[in-house]
Amino acid sequence: MKKQWRETTAAKAIPAIFAILFLWVTACCGLCTLLCLDNGYYSDEVTDHLQLLLDHTDYSQILQYYTAVRQRQLPQEENDKNAFYEEQTIALYQDAFDPERTNLRFHVTDTAGNSLLTNDPEELDSDREVLVMYSVNRRVDIASKDYTRSVHFTDYQNLVETRIPDCLEDPDDYVNWFFTDDLVDHAYHYGFDVEIQRDEGVRETRIFSSRAEAEAYDYTSEYGNCRWEILTPTTTTAPAEDSVAHTSLTDAAGSVVPMPIGTTQQVDADTPDDYIVVLITIYNTQHTEMLLAEYFAMKEENAQVIIVDSELEKRLSNGLDITINARENIAEEIAVRTYLPADLPVQDIIREDYEMLQVLWQYREWFVVGMFGFAVLTVIACIVLCTASGHTEGRERITASSFHRIAYEFFYLLPVLILLGAAVIISIMRKAAIAWRITCLFGAGLTLCMAGACILWLYTTAIRAKNGTFWSSFGIVRLLSLLLTLLQGRIIISMSVVIGAVALLCLNVGGLPNADPELDLLIAGVDIAVLVVLLYAIHSFFVLKDRVKRIEGGDYTTVPPKLPLVSDFGEFSRSLDHMTDSIAETVAQQTKAERMRTELITNVSHDLKTPLTSIVNYIDLLAREPMQTEHAAEYLEVLQRQSARLKKLTEDLVEASKASTGNLTVDLQPTDIQVLLLQLAGEYEDRFAQRGLTLVTELPERPLPILADGRHIWRVFDNLLGNACKYSMPSTRIYLDATAENGIVRILLKNVSEHPLNLSPDELTERFVRGDVSRHTEGSGLGLSIAKDLMRLQGGTLTLQIDGDLFKAIVTFPAYYPPAPDPLP
Amino acid sequence: METILVCDDEQDIVSALRIYLSAEGYQVVTANNGKEAIARVQEGKVQLVLMDIMMPEMDGIAAMTEIRKFSNVPIILLTAKSEDTDKILGLNVGADDYITKPFLPIEVIARVRSQLRRYLRLGAAVPPDPDVLTVQGICLSTKSKSVTMDDQPVNLTPIEFEILLLLMQNVGQVFSPREIYQRVWKTAADGSENTVAVHIRHLREKLEINPAQPRYIKVVWGQGYKIE
């Protein structure tokens with residue numbers, strides 16, 4: 001036979017590979033096309049899309065950073081804490097706002113339009129220092145199309161006040177609470193309350209010899225950002241025994257000023273007016289930042305960087321110890337404008353996205369065309385694959401390798417497994433901040449795997465549908481059918497076991513309130529183990545039961561069970577083995593003995609026949625010779641009679657032994673009782689008449705078909721009617737009739753015996769027994785025995801009844817219902 | 001006179017058969033086993049073979065197979081085996097008739113005569129007569145309304161003749177008593193078809209050598225009658 005194209009390996013491999021590739025490319029094209037269609041197709045500017053991207057990247061990055069910070073274990077030591085947060089804060093600044101690292105530019109302004117902060121190098125003013133950066137508001141308005149956007153904190157105050165305070169009390173609560181979507185959303189949108197307790201900075205004192213000198217001194221060049229106050233020392237009298245005067249300071253208004261921290265002066269009481277003391281308070285911005293960071297760390301604070309300009313500094317330098325409620329100051333004030341420079345100078349995520357989208361946008365028509373083109377190719381490859389699947393060279397039928405016998409659910413589970421794996425990898429990647437290109441590569445790999453899984457599913461589905469194992473290849477179907485097989489097809493018991501097991505499992509596992517998952521698992525395991533043992537016990541029981549049933553039916557062969565029987569079941573099975581072995585041996589011996597006896601009888605009678613032939617013939621020859629005396633003739637007559645009887649006896653002996661052992665061919669043919677009785681009557685009419693007997697035959701009104709062997713049934717009735725002829729009282733009637741009821745055809749022969757029947761009916765059918773032993777010389781005494789055996793061989797029965805001198809022979813046959821309307825030819 | 005080969009390993013039986021057959025005027029040659037029988041037949045002259053099946057050296061079936069290779073002389077098997085399979089095997093291999101032991105001399109003579117007549121008449125090649133129906137040894141002439149069995153005239157009543165005619169016109173076909181009644185008596189059977197069985201029995205007694213083991217008119221019990 002010519003090798004068909006679909007029988008080649010290439011016919012499966014090539015479409016499969018093509019289909020996977022096409023499916024993959026289709027998926028990629030589809031995704032790209034969707035990206036373009038959704039975000040850029042209707043716009044002339046790819047950068048419109050970029051603006052949307054920004055929403056998802058930068059601000060969320062900032063938030064993610066803080067999330068990461070919060071989730072980590074905090075260092076125990078105070079100093080380590082500070083160092084840690086400082087480091088992280090600086091890293092955050094760098095990632096989010098360092099113009100060397102991001103293309104994102106922003107301006108923070110107050111509502112009056114005064115610039116508060118920017119990271120644009122061209123406008124960056126070294127005088128404007130970053131002090132505090134506040135929460136990010138995601139309520140973004142796209143202000144204009146010049147790649148910028150503004151962020152307003154208009155609703156900030158109300159929302160924060162209603163939602164936030166409680167959650168910050170306990171860090172543990174906070175962590176738990178944080179992970180609800182609600183809080184994530186809230187935190188993302190509005191940030192948190194900030195309480196900043198500022199201290200006064202570092203104080204120093206400087207002593208001048210005269211007031212004029214103190215006033216003329218350039219403090220700024222010496223101390224930087226600071227304020228100062230000229231104080232007048234006042235001397236108080238010390239206790240006598242001390243002899244040291246304590247000095248306090250008074251300001252210009254004459255009120256007493258507390259001594260600066262750690263600067264309690266011991267002044268010589270003798271020189272109260274020798275010098276002027278100047279208190280200088282130095283404000284250091286870096287110091288302030290550190291304080292803030294420390295504060296945030298202590299409070300697990302989520303507030304972001306707070307920006308305070310030089311005007312705020314002025315307010316601080318008023319010398320008051322103030323609490324900055326940052327939100328009050330800023331919420332109503334600032335606006336953030338972010339934008340991208342047109343040339344995207346930095347190679348960051350934004351630029352990568354931009355470049356990719358540029359490429360996508362450039363070839364967007366091709367992606368649409370490609371998607372549809374590859375979709376068509378995918379379909380073609382799939383059709384080719386489905387057509388070729390299952391055809392092997394030299395085999396007419398669909399052949400499936402063992403691979404296609406894997407439980408069918410697996411092919412539905414496979415994509416799920418792939419997705420689960422991908423989810424795990426994605427979660428790892430997110431923590432590790434993997435580069436965009438690697439993410440892309442990963443996505444492509446994932447799509448490829450999914451395409452492969454789809455094609456695998458298609459291929460195996462086609463084969464399963466073709467070879468008709470679609471339903472049966474489901475694992476659950478197999479499991480159930482295995483269960484059915486194990487339970488010997490007892491559906492009700494199988495279902496009871498399954499339902500019971502499931503109910504038990506549900507009750508035990510689901511029914512316990514607040515159960516430990518590990519305990520649940522343990523209980524489920526125990527339940528399943530009990531179920532398995534139960535199934536095994538039921539299975540073993542059925543195996544043994546079937547075995548006993550087979551023994552009852554006479555089948556002594558041992559069929560090895562599908563599962564080995566252990567413990568008591570095994571013992572039971574072995575006992576049965578021994579039992580059947582001995583039974584089978586006995587039966588075999590019996591059968592052998594029976595056969596040998598039959599053979600013996602047959603052989604003996606054969607050997608008897610040859611001399612018998614000679615005897616019969618020579619008696620006949622002798623009869624032709626002239627007899628010397630009268631007695632000789634009389635003796636010869638006895639010889640003739642007895643030799644005839646011997647002849648009959650040997651013939652019947654063989655017949656009887658064959659009939660009793662079933663060593664006869666039985667050819668059952670449709671036979672009509674009506675016709676049979678007619679024929680029997682015709683055969684025996686004359687013989688009955690000779691003995692003065694009348695045969696009364698009552699024919700059935702309609703044909704009564706049975707299945708019988710014509711020769712054997714003739715033999716049966718020949719014996720019965722022959723007996724009736726021989727043993728009936730002369731001048732009596734013999735009745736022969738047939739009836740049919742309940743599917744049984746019954747033929748009844750009745751005659752009146754000439755001599756008393758002093759035997760039971762059972763004895764009559766035993767071999768070599770005759771109704772009257774003394775009288776008759778004709779016949780072998782085997783007739784009724786043969787008749788009974790022949791009836792048995794034909795599936796009928798022969799029953800004899802004796803009621804006084806009334807002898808009844810009842811022959812029954814199962815009624816035969818011929819398939820055709822006219823069964824008799 | 002015709003020469004008959006009697007072959008049996010039992011010398012007494014051979015002698016008895018020789019006496020009977022000689023008394024009937026046949027020439028008798030004898031053999032004690034299959035090989036001898038083949039040799040005798042090869043010598044020619046033998047017009048009928050009476051042969052036992054169970055014999056030493058070569059049994060009757062084998063010998064018959066050999067004989068059939070060069071001669072179509074009638075062979076009657078003598079057998080102590082009464083199994084049907086033996087009879088069927090013998091007849092299939094080429095026997096013309098069989099007689100089961102222990103046999104009655106009168107039956108042997110009758111069968112020998114029957115076979116010889118048939119053999120010799122076939123040799124004479126009687127031209128086919130459209131008015132004469134022939135089934136084995138039975139010849140029925142529709143013209144003269146006469147029946148012969150192996151050329152011996154048989155006296156039949158008109159009813160018996162009609163039944164035989166019906167059966168011989170449809171060799172092998174089984175007729176139920178009702179059908180036979182309807183076609184012979186030409187009236188509807190109204191319970192009197194039981195006479196058919198009696199007529200058939202009479203017919204068998206007239207035509208068959210051993211009516212208890214009919215060779216021609218057979219009873220199909222529970223179905224009807226046929227001729228073959």
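Treat the numbers as computed from the prediction; the structure is a model and nothing was measured. Reminder, nothing fancy here: chain letters follow the sequence lines and each chain counts from 1.
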Could you grab the distance from atom [atom1] of [X] to atom [atom2] of [Y], nearest 0.5 Å is fine?
| X | Y | atom1 | atom2 | answer |
| --- | --- | --- | --- | --- |
| B:Leu104 | A:Lys647 | CG | NZ | 5.0 Å |
| A:Thr671 | B:Gln223 | OG1 | CD | 5.5 Å |
| A:Ser614 | B:Lys101 | OG | NZ | 8.0 Å |

Would a 4.5 Å heavy-atom cut-off, applied to side chains only, mark [X] and [Y] as touching?
| X | Y | value |
| --- | --- | --- |
| A:Gln669 | B:Val220 | no |
| B:His202 | A:Asp686 | yes |
| A:Val616 | B:Phe103 | no |
| A:Glu683 | B:Val219 | yes |
| B:Ile13 | A:Thr610 | yes |

_Part of B:Thr195 within contact of chain A (heavy atom distance under 4.5 Å)_ =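 Contact with chain A is absent: no heavy atom of B:Thr195 under 4.5 Å.
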
_Part of A:Asp718 within contact of chain B (heavy atom distance under 4.5 Å)_ =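 When you check distances to chain B, no heavy atom of A:Asp718 falls under 4.5 Å.
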
*Using non-hydrogen atoms only, which part of A:Leu680 is less than 4.5 Å away from chain B: side chain, backbone, both, or neither?*
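For A:Leu680, heavy atoms of backbone and side chain both lie under 4.5 Å from chain B.
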
_Which residue is it: A:Arg711, A:Arg715, A:His712, A:Gln679? I am looking for the one with a side chain to side chain contact (heavy atoms under 4.5 Å, CB included) to B:Trp221._
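With B:Trp221 as partner, A:Arg711, A:Arg715, A:His712, A:Gln679 yield a single side chain to side chain contact (heavy atoms under 4.5 Å, CB included), made by A:Gln679.
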
